[in-house]
Amino acid sequence: MSENREEYWGMPLNTYCMMIHLSQLTSIIMPGLGFILPIVMWAMNKDKNEEIDIHGKITINWLISLFLYSVVCGILVFIFIGIVGLIILVLLNFVFAIIAAIKANDNQVWTYPLSIRFLK
């Protein structure tokens, strides 16, 4: 990853990339915000820096994948296995966001396991 002294939303590049990953956890505070905020952060600066584009795409791919997995688990709730699946997804989302954020802060790219690659 390149050394870049520019700031995005008042943050250094590595901090901004870290916040893209962590921003998905804002759904804890306000449902839906954890899907909208990472997209806004990525879309506003993706053309200004390649690293932001990479981290944003990785996060968006995970969010779309997470949504699809949640829909499947939501359907499976009727046979009770879906409840377990939804709990696992919540835990994975939290853990994956933290790991990706730590890696981004260290100028590393980490692809979320189980993420389907929609954006390339």
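Treat the numbers as computed from the prediction; the structure is a model and nothing was measured.
In this structure, the side chain of Ser65 does not engage the main chain of Ser115 through any donor-acceptor pair within 3.5 Å. The backbone N or O of Leu37 lies less than 3.5 Å from no partner atom in the side chain of Ser23, so there is not a single donor-acceptor pair. A donor-acceptor distance shorter than 3.5 angstrom exists from the side chain of Tyr69 to the backbone of Leu114, with no hydrogens or angles considered. The backbone N or O of Asn107 lies less than 3.5 Å from no partner atom in the side chain of Asn14, so there is not a single donor-acceptor pair.
The closest side-chain heavy-atom distance from Ser27 to Phe35 is not below 4.5 Å. Residues Phe118 and Ile60 form no side-chain contact, since every pair of their non-hydrogen atoms from C-beta on lies 4.5 Å or further apart. Residues Val95 and Ile99 meet the side-chain proximity criterion, which asks for heavy atoms closer than 4.5 Å. In this structure, the side chains of Ile98 and Leu25 come closer than 4.5 Å at one or more pairs of heavy atoms. The side-chain heavy atoms of Gln24 and Leu63, taken from C-beta on, include a pair separated by under 4.5 Å. In this structure, the side chains of Ile64 and Ile116 stay at 4.5 Å or more apart for every pair of heavy atoms. Under the 4.5 Å side-chain criterion, counting only non-hydrogen atoms from C-beta, Leu92 is not in contact with Leu66.
Between Cys17 and Ala104, the closest heavy-atom pair is C-CB, 3.9 Å. In this structure, Pro12 and Glu7 approach most closely via the heavy-atom pair N-CG, 4.3 Å. Heavy atoms only, all atoms of each residue included: Pro38 and Ile20 are closest at CB-O, 3.9 Å.
Looking at residues two or more places apart in sequence or on another chain, you find a side chain to side chain contact (heavy atoms under 4.5 Å, CB included) between Ile79 and Leu76, Ile81. Take Tyr112 and apply the ring pair (Phe, Tyr, Trp, His ring centres under 6.0 Å) test, not counting sequence neighbours, and it matches His21, Trp62, Trp110. Remark: Tyr16 pairs with Tyr8, Trp9 by the ring pair (Phe, Tyr, Trp, His ring centres under 6.0 Å) rule, at least two apart or across chains. By the salt bridge (Lys or Arg N to Asp or Glu O under 4.0 Å) test, Lys57 pairs with Asp53, sequence neighbours left out. Taking the salt bridge (Lys or Arg N to Asp or Glu O under 4.0 Å) definition, one finds that Asp106 meets it with nothing, sequence neighbours left out.
Remark: Leu33 CG to Ile28 CD1 distance equals 11.0 Å, nearest 0.5 Å. Between atom CE of residue Met18 and atom NZ of residue Lys103 there is a gap of 15.0 Å, rounded to the nearest 0.5 Å. Note: Met19 CE to Asn105 CG = 10.5 Å, rounded to the nearest 0.5 Å.
Follow the hydrophobic side-chain contacts under 4.5 Å out from Phe78 and you never reach Ile83; the two are in separate clusters. Linking ILVMFWY residues whenever their side-chain heavy atoms come closer than 4.5 Å, directly or via other members, places Ile75 and Ile88 in the same cluster. Taken together through direct or relayed side-chain contacts under 4.5 Å among Ile, Leu, Val, Met, Phe, Trp and Tyr, Met11 and Leu13 form part of one hydrophobic cluster. Hydrophobic clustering of Ile, Leu, Val, Met, Phe, Trp and Tyr side chains at less than 4.5 Å, counting indirect connections, unites Met44 with Ile36. Under the 4.5 Å side-chain heavy-atom criterion for grouping Ile, Leu, Val, Met, Phe, Trp and Tyr, Leu22 is not connected to Val90 through any hydrophobic cluster.
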Walk me through whether Glu6 and Asn49 qualify under side-chain contact (heavy atoms from CB on, under 4.5 Å). CA-CA 9 Å; Glu6 288 185 57; Asn49 188 291; 5.8 Å; no
Test side-chain contact (heavy atoms from CB on, under 4.5 Å) on Phe96 and Thr111 and set out the steps. CA-CA 9 Å; Phe96 287 175; Thr111 303; over 6 Å; no
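Identified under the side-chain hydrogen bond (donor to acceptor under 3.5 Å, both in side chains) test for residues 72-84, with sequence neighbours left out: none.
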